[in-house]
Colleague: 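I have a structure I would like to understand better, so I am pasting it below and will then ask my questions one at a time.
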Amino acid sequence: MSFRERVKKEILVIDGAMGTLLQQRGLPPGWCPEEWNLSRPESVQEVHKLYLEAGADIITTNTFGAIQLKLADYGLGHRVREINLAAANLAKEAARPYGAMVAGSVGPLGKFLQPLGTMTFDEAYGQFFEQCRALVEAGVDFILFETFGDIGEMRAALIAAADAGDVPVVASFTFDETGRTFTGTDPETAAVVVERLGVSAIGVNCSVGPRELVQVVQKLTQSTNLPVLVSPNAGMPEMVEGRTVFRETPAAMADYAVRFVEYGASVLGGCCGTTPEHIKAIHQSVKGLQPRVRSRQFGLRVASRVKTVSIAPRGIPVAIGERLNPTGKKALQAEIKEGKTEITRRDALAQVEAGAAILDINVGVGGVDQVAAMERAIHAVQVLVDAPLCIDSTDPRVIEQALKIYHGKAIINSVNGEEKSLQTILPLAKRYGAALIGLTLDERGIPPTAEERLAVARKLTERAEAMGIPRQDLMIDCLVLTVSAQPEGVPETLRAITLVKKELGLTTSLGVSNVSFGLPNRGLINAAFFAMALAAGLDAAILNPQEPRMMETLRASAVLTGRDIRAEQYIAREQQAGGVQAPAKPVEQAAATPLEILYQAVLSGDKDNIVSYIETALAEGLSPMELLDKALIPGIEEVGRRYGAGLYFLPQLMMAGETMTRSFERLRPELARGPAKKVGTVVLATVKGDIHDIGKNIVSVMLANHGFEVIDLGKNVDNEEIIKAAMEHRAQIIGLSALMTTTMVHMADLINRVKEQGLNCKVMVGGAAVTAQYAREIGADGYAVDAVEAVSVAKSLVS
Ligand code: B1M
């Protein structure tokens with residue numbers, strides 16, 4: 001029986017940690033574990049056998065890092081195929097006598113995809129494809145993508161695996177104690193995104209122990225009917241005398257395994273710190289249990305990286321914001337032509353604030369490279385707002401590029417009943433796991449009657465299903481004609497909505513505003529028609545959410561049609577607005593001051609436009625220091641607050657950090673004044689393990705401005721290197737910056753070393769994590785709260 005069948009019918013046990021057991025067999029620190037598949041195959045097989053003896057039904061190949069990018073660090077980048085084949089053969093050979101299955105392990109790349117990093121989708125795809133192809137060639141039973149924290153990277157991996165061969169695939173994520181991956185994805189969203197990318201199971205492994213995973217597993221099993229794999233660490237990692245220790249016992253792990261089976265998991269195992277004893281205990285406790293059958297019904301679900309939006313036949317109707325569309329908008333057209341994203345960002349934020357649950361995104365301007373324009377727009381919007389995106393284009397190349405780089409499950413707007421459309425758009429939806437808006441038109445145009453539109457909808461459904469796209473991923477747009485020209489068309493559209501829902505059980509959407517074309521006071525007609533369509537059963541509408549009347553109509557109609565049960569959302573919203581709905585006002589950049597614009601740009605991580613905003617601010621006579629103190633630093637501090645409060649996730653933190661770095665690079669020449677009389681030498685660094693350098697760079701420039709020679713060693717610097725530099729340059733001061741409670745401990749160590757070595761040198765410390773009290777406790781000679789104070793403290797230390 002294949003893995004696909006077994007995983008639905010049996011409780012399976014998968015093995016535990018590989019690296020730890022290889023270390024016990026002499027794998028030297030810093031050595032490539034995957035290289036042992038070639039040079040120490042007997043050790044790798046010994047580990048496999050221990051797990052098989054312990055009762056594992058599945059063993060995992062020693063290939064977690066056997067991808068070109070990682071092997072290249074060891075000079076083995078050209079041996080991907082050879083190493084993966086060797087590893088898979090070792091595992092297969094070991095598994096055969098036990099009738100066990102072999103999972104081909106693939107780990108993450110260790111690099112961020114754009115826009116967080118520099119890696120493109122195609123590069124990531126290429127890396128995964130090469131490794132997967134080797135594993136498929138070796139005949140593994142399935143590929144296990146494990147320990148992934150970035151959903152965008154997981155998408156690239158799954159698409160590559162699908163192309164590498166017909167092999168089952170499991171997508172396993174790593175969630176931290178907040179219940180999200182480190183880039184902010186929650187379990188439901190992870191499930192929604194991978195479900196349509198052909199996975200046979202979804203999983204959770206590593207990072208934390210089983211007790212921290214209880215809620216994650218509950219959420220995961222409630223969010224999908226896919227089989228679920230759970231491989232926690234043997235508890236939370238603890239540092240004891242410089243070593244990582246995992247304390248969860250085999251018995252405790254086994255108890256949790258039973259609990260996970262009760263929730264619905266069917267593949268149980270362990271990750272870091274788990275041993276054959278743990279696996280044996282898990283095997284004994286779950287033996288004889290049956291997988292729980294889960295058959296929940298889900299409506300259409302789409303997702304951004306951090307949020308899932310459901311569109312369900314009886315759920316609350318959803319507004320899809322229409323404003324990211326250049327049709328009839330000169331300013332947006334000009335922006336797209338110039339390759340900028342200012343208006344795009346502003347309108348994206350404003351629409352979400354006004355209540356849009358999904359954003360339609362269209363870059364249709366004649367004469368521009370729309371593939372590049374769509375890419376720019378998606379990169380700008382997807383880390384800015386949590387609303388999923390609806391890719392609006394008629395050009396399959398534009399749609400494909402958008403679907404590649406989008407880190408979620410998008411909707412394609414649109415496919416229709418024409419053969420050409422079906423043949424080009426449906427394969428894209430299937431390949432990239434997207435949902436679809438299906439327009440009820442075909443080669444004959446828009447059919448006049450509701451029954452004919454139903455027939456097109458039926459054809460769309462059949463063709464989608466034939467392609468392997470489930471019907472709930474299709475939302476039908478019954479199309480409304482302009483009422484002033486064809487008044488008989490409106491009742492047909494309303495009837496078609498009801499028919500499609502009743503006959504096909506599909507959700508429906510509509511571009512509403514077309515109805516009022518050519519009439520005065522269009523908003524009134526739009527709102528009245530919208531209410532009628534909602535009464536007919538409409539589930540989603542593409543509209544301008546910044547028109548209060550439309551959003552009010554949506555909320556009120558949801559109550560009146562019984563979709564907002566007990567009017568809960570309506571009441572909550574009214575209470576929030578104090579009973580009166582304030583009109584949603586667009587954020588007009590013209591009305592904002594240069595400092596406000598800079599502050600917002602840091603908050604929204606607008607790294608592409610920040611330099612031009614700084615130019616404007618400087619041209620208006622603001623000083624570089626004012627920009628830092630009144631806009632940029634308050635902005636990044638607010639980002640830190642939001643991150644700490646769980647409102648922002650790592651992608652936003654990274655984009656804001658990059659925006660700050662670009663700002664500083666632009667301001668550095670303005671901040672650096674001419675040469676001053678030398679007052680002393682400072683060796684400056686951000687401590688080991690800490691890559692925050694924005695504050696340290698400001699301190700560096702300020703000290704230089706006041707006559708200090710600054711030897712800036714950069715960030716993440718070892719204490720030994722700092723001491724060496726201080727001696728070499730005969731520095732009077734060592735300046736240390738630390739932003740994290742976990743890294744500031746290096747300051748104490750450096751002070752001890754300075755004392756032990758009798759260095760004639762003072763130590764000044766600072767950075768957001770450090771307080772005056774902490775500085776006193778560790779015996780620092782000086783502490784400064786900010787860069788201005790750093791100058792006066794440094795002067796007093798050398799005087
Ligand atoms: Co991170 N980060 N970050 N981060 N980040 C913090 C520090 C954090 C407080 C956010 C939060 O949770 N609210 C938190 C630390 C929690 C803690 O330990 N208590 C945190 C975390 C957790 C992380 C990661 C672990 C996130 C993750 O990966 N899950 C990760 C860690 C990576 C690592 O270092 N190993 C991480 C990564 C990053 C980015 C790379 C994305 C980015 C940094 C980009 C860069 O620096 N090039 C980033 C950012 C931007 C921040 C926040 C939001 C802002 C830091 C900053 O630039 N502030 C920060 C939240 C916060 O601090 N409010 C946060 C502005 C800067 C001008 O202030 O550096 O304090 P500051 O410098 C001031 C003064 O302190 C003083 O003068 C400067 C100018 O006035 N000063 C000195 C500084 N050094 C001095 C030295 C002196 C004297 C004065 O004498 C020598």
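All figures in this text were calculated on a predicted structure; none of them were measured in a lab. In listed order, ligands and their atoms are each counted from 1.
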Colleague: So how far is it from E638 CD to L647 CG, rounded to the nearest 0.5 Å?
Modeller: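 Here the interatomic distance stands at 8.5 Å.
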Colleague: Any nitrogen or oxygen of K715, side chain or backbone, less than 3.5 Å from one on ligand 1?
Modeller: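 Among all N and O atoms of K715, none is under 3.5 Å from an N or O of ligand 1.
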Colleague: Whether K762 and D781 form a salt bridge (side-chain N of Lys/Arg under 4.0 Å from carboxylate O of Asp/Glu) is what I want to check.
Modeller: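 Salt bridge absent between D781 and K762.
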Colleague: Which of the numbered atoms in ligand 1 are below 4.0 angstrom from a heavy atom of A784?
Modeller: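 It comes down to these atoms of ligand 1: 88 (C), 89 (C).
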Colleague: With sequence neighbours left out, what residues match A787 under side-chain contact (heavy atoms from CB on, under 4.5 Å)?
Modeller: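 A787: side-chain contact (heavy atoms from CB on, under 4.5 Å) contacts with I698, V699, M702.
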Colleague: Any protein heavy atom at under 4.0 Å, with atom 8 (C) of ligand 1 as the reference point?
Modeller: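 No, no protein heavy atom sits under 4.0 Å from atom 8 (C) of ligand 1.
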Colleague: Can you tell me which residue and heavy atom of the protein come closest to atom 44 (C) of ligand 1, and the distance to 0.1 Å?
Modeller: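 Sorting protein heavy atoms by distance from atom 44 (C) of ligand 1 puts I694 CD1, 4.0 Å first.
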Colleague: Within the 3.5 Å criterion, strictly below it, is a donor on Q127 or E123 matched to an acceptor on the partner's side chain?
Modeller: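 No, no side-chain donor-acceptor pair sits under 3.5 Å.
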Colleague: May I ask you to list the atoms of ligand 1 that are less than 4.0 angstrom from any heavy atom of D690?
Modeller: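 Close to D690: 34 (O).
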Colleague: Do me a favour and list the nearest non-hydrogen protein atom to atom 28 (O) of ligand 1 with residue, atom name and distance?
Modeller: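 I find the closest protein heavy atom is L650 CD1, 3.6 Å.
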Colleague: Tell me, yes or no, whether the heavy-atom count around E670 atom CD, taken from other residues, nucleotides or ligands under 6.0 Å, exceeds 12.
Modeller: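 For E670, atom CD is crowded (more than 12 foreign heavy atoms under 6.0 Å).
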Colleague: Heavy atom of V770 under 4.0 Å from ligand 1?
Modeller: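 False for this residue.
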Colleague: Among residues at least two apart in sequence or on other chains, which ones pass side-chain hydrogen bond (donor to acceptor under 3.5 Å, both in side chains) with Y783?
Modeller: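 Y783 satisfies side-chain hydrogen bond (donor to acceptor under 3.5 Å, both in side chains) with no other residue.
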Colleague: Which distance, rounded to the nearest 0.5 Å, do you find between the CG of D386 and the OG of S304?
Modeller: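 Between D386 CG and S304 OG, I get 5.5 Å after rounding to 0.5 Å.
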Colleague: I'd like to check whether R641 has a polar contact with ligand 1, where a contact means an N/O of the residue lying under 3.5 Å from an N/O of the ligand.
Modeller: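 N/O-N/O distance under 3.5 Å: no.
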Colleague: Specify the protein heavy atom at minimum distance from atom 19 (N) of ligand 1: its residue, its atom name, and the distance to 0.1 Å.
Modeller: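 Heavy-atom neighbour on the protein nearest atom 19 (N) of ligand 1: T741 OG1, 3.5 Å.
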Colleague: With sequence neighbours excluded, what pairs up with Y125 under the side-chain hydrogen bond (donor to acceptor under 3.5 Å, both in side chains) test?
Modeller: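 Checked Y125 against side-chain hydrogen bond (donor to acceptor under 3.5 Å, both in side chains); matches are D163.
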Colleague: Within a radius of less than 6.0 Å around CD of E620, do more than 12 heavy atoms belonging to other residues, nucleotides or ligands occur?
Modeller: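 Count over threshold, so yes.
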Colleague: One residue to check: V699. Relative to ligand 1, which of side chain, backbone, both or neither has a non-hydrogen atom less than 4.0 Å away?
Modeller: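 Near ligand 1, V699 shows its side chain, while the N, CA, C and O stay back.
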Colleague: Counting distance only, does the side-chain N/O of R662 pair as donor-acceptor with the main-chain N or O of K607 below 3.5 Å?
Modeller: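 Yes; at least one donor-acceptor contact below 3.5 Å.
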Colleague: Could you label the plane-to-plane angle of the F148 and F128 rings as parallel, tilted or perpendicular, counting under 30° as parallel and over 60° as perpendicular?
Modeller: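 Rings of F148 and F128: tilted, 30 to 60°.
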Colleague: Which residue supplies the protein heavy atom nearest to atom 54 (C) of ligand 1, what is that atom called, and how far is it?
Modeller: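 Of every protein heavy atom, I636 CG1, 3.5 Å lies nearest to atom 54 (C) of ligand 1.
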Colleague: What residue and heavy atom of the protein are closest to atom 76 (C) of ligand 1, and at what distance?
Modeller: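 Protein heavy atom with the smallest distance to atom 76 (C) of ligand 1: V785 O, 3.5 Å.
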Colleague: Compute the minimum heavy-atom distance from M654 to ligand 1 and say whether it is under 4.0 Å.
Modeller: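 Contact present.
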Colleague: Using a strict cut-off of 4.0 Å, indicate which atoms of ligand 1 neighbour a heavy atom of G644.
Modeller: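 Checking each atom against G644, I get 13 (N).
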Colleague: State if A787 counts as touching ligand 1 under the rule of any non-hydrogen atom under 4.0 Å.
Modeller: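 True for this residue.
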Colleague: Determine whether the side chains of T183 and R305 contain a donor N or O and an acceptor N or O closer than 3.5 Å.
Modeller: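 Yes, a side-chain donor-acceptor pair sits under 3.5 Å.
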Colleague: Could you list which atoms of ligand 1 come closer than 4.0 Å to a heavy atom of A768?
Modeller: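 Atoms satisfying the 4.0 Å criterion: 62 (O), 70 (O), 75 (O).
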Colleague: What atoms of ligand 1 come within less than 4.0 Å of a heavy atom belonging to D786?
Modeller: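 Those qualifying, in numeric order: 76 (C), 77 (O), 80 (O).
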Colleague: Does atom 50 (C) of ligand 1 have a protein heavy-atom neighbour under 4.0 Å away?
Modeller: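 Within 4.0 Å: yes, protein heavy atom nearby.
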Colleague: Measure the distance from atom 81 (N) of ligand 1 to every protein heavy atom, then report the residue, atom name and distance (to 0.1 Å) of the closest one.
Modeller: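 Answer for atom 81 (N) of ligand 1: G767 N, 3.4 Å.
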Colleague: Counting from 1, what ligand 1 atoms have a heavy atom of T661 closer than 4.0 Å?
Modeller: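 Matching atoms, with element in brackets: 47 (N).
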Colleague: Show the atoms of ligand 1 that are less than 4.0 angstrom away from any heavy atom in G735.
Modeller: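 Counting from 1, the qualifying ligand atoms are 91 (C).
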Colleague: In terms of side-chain heavy atoms, does N697 have a donor or acceptor partner in S700 at a distance below 3.5 Å?
Modeller: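 Looking only at side-chain atoms, S700 and N697 do not form any donor-acceptor pair under 3.5 Å.
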Colleague: Strictly inside 4.0 angstrom of atom 85 (C) of ligand 1, do you find any protein heavy atom?
Modeller: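 Protein heavy atom within 4.0 Å of atom 85 (C) of ligand 1: present.
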Colleague: Out of curiosity, is G689 lining ligand 1, as in a heavy atom under 4.0 Å away?
Modeller: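 In this structure, G689 qualifies as a contact of ligand 1 - some heavy atom is under 4.0 Å.
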Colleague: So does D122 pair up with K404, basic N to acidic O under 4.0 Å?
Modeller: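 Yes.
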Colleague: Ignoring angles and geometry beyond distance, decide whether I691 reaches within less than 3.5 Å of ligand 1 through its nitrogen or oxygen atoms.
Modeller: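 Yes: some nitrogen or oxygen of I691 is under 3.5 Å from one in ligand 1.
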Colleague: Does an N or O from D693, backbone or side chain, lie closer than 3.5 Å to an N or O of ligand 1?
Modeller: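 So ligand 1 has an N or O lying under 3.5 Å from an N or O of D693.
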Colleague: Quiz question for you: does at least one protein heavy atom lie closer than 4.0 Å to atom 36 (C) of ligand 1?
Modeller: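 Yes, there is a protein heavy atom closer to it than 4.0 Å.
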Colleague: Salt bridge between R345 and D606, side-chain N to carboxylate O under 4.0 Å?
Modeller: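 Looking at R345 and D606, the cut-off is met.
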Colleague: Quick check on side chain to side chain contact (heavy atoms under 4.5 Å, CB included): which of D712, L671, L667 does V701 satisfy it with?
Modeller: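 So the option named by the test is L671.
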Colleague: Side chains of S207 and D176: any donor to acceptor distance under 3.5 Å?
Modeller: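 Note: D176 and S207 side chains miss the donor-acceptor criterion.
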Colleague: Does the protein place a non-hydrogen atom closer than 4.0 angstrom to atom 14 (C) of ligand 1?
Modeller: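 It does not; no protein heavy atom is within 4.0 Å.
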Colleague: Does the distance from a Lys or Arg side-chain N to an Asp or Glu carboxylate O, for R376 and D608, drop under 4.0 Å?
Modeller: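 Salt bridge flag = no for D608 with R376.
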Colleague: Crowded around Q757 CD? As in, over 12 foreign heavy atoms under 6.0 Å?
Modeller: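 Buried by this count: over 12 neighbours within 6.0 Å.
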Colleague: Anything protein N/O/S under 2.8 Å from atom 1 (Co) of ligand 1? Just list residue and atom, please.
Modeller: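 Atoms qualifying: H692 NE2.
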Colleague: Where does N716 meet ligand 1, judged by heavy-atom distances below 4.0 Å: at the side chain, the backbone, both, or neither?
Modeller: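 Neither part.
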Colleague: Nearest protein heavy atom to atom 73 (C) of ligand 1, by residue and atom, and its distance?
Modeller: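 Scanning the protein heavy atoms, the shortest distance from atom 73 (C) of ligand 1 goes to G695 CA, 4.1 Å.
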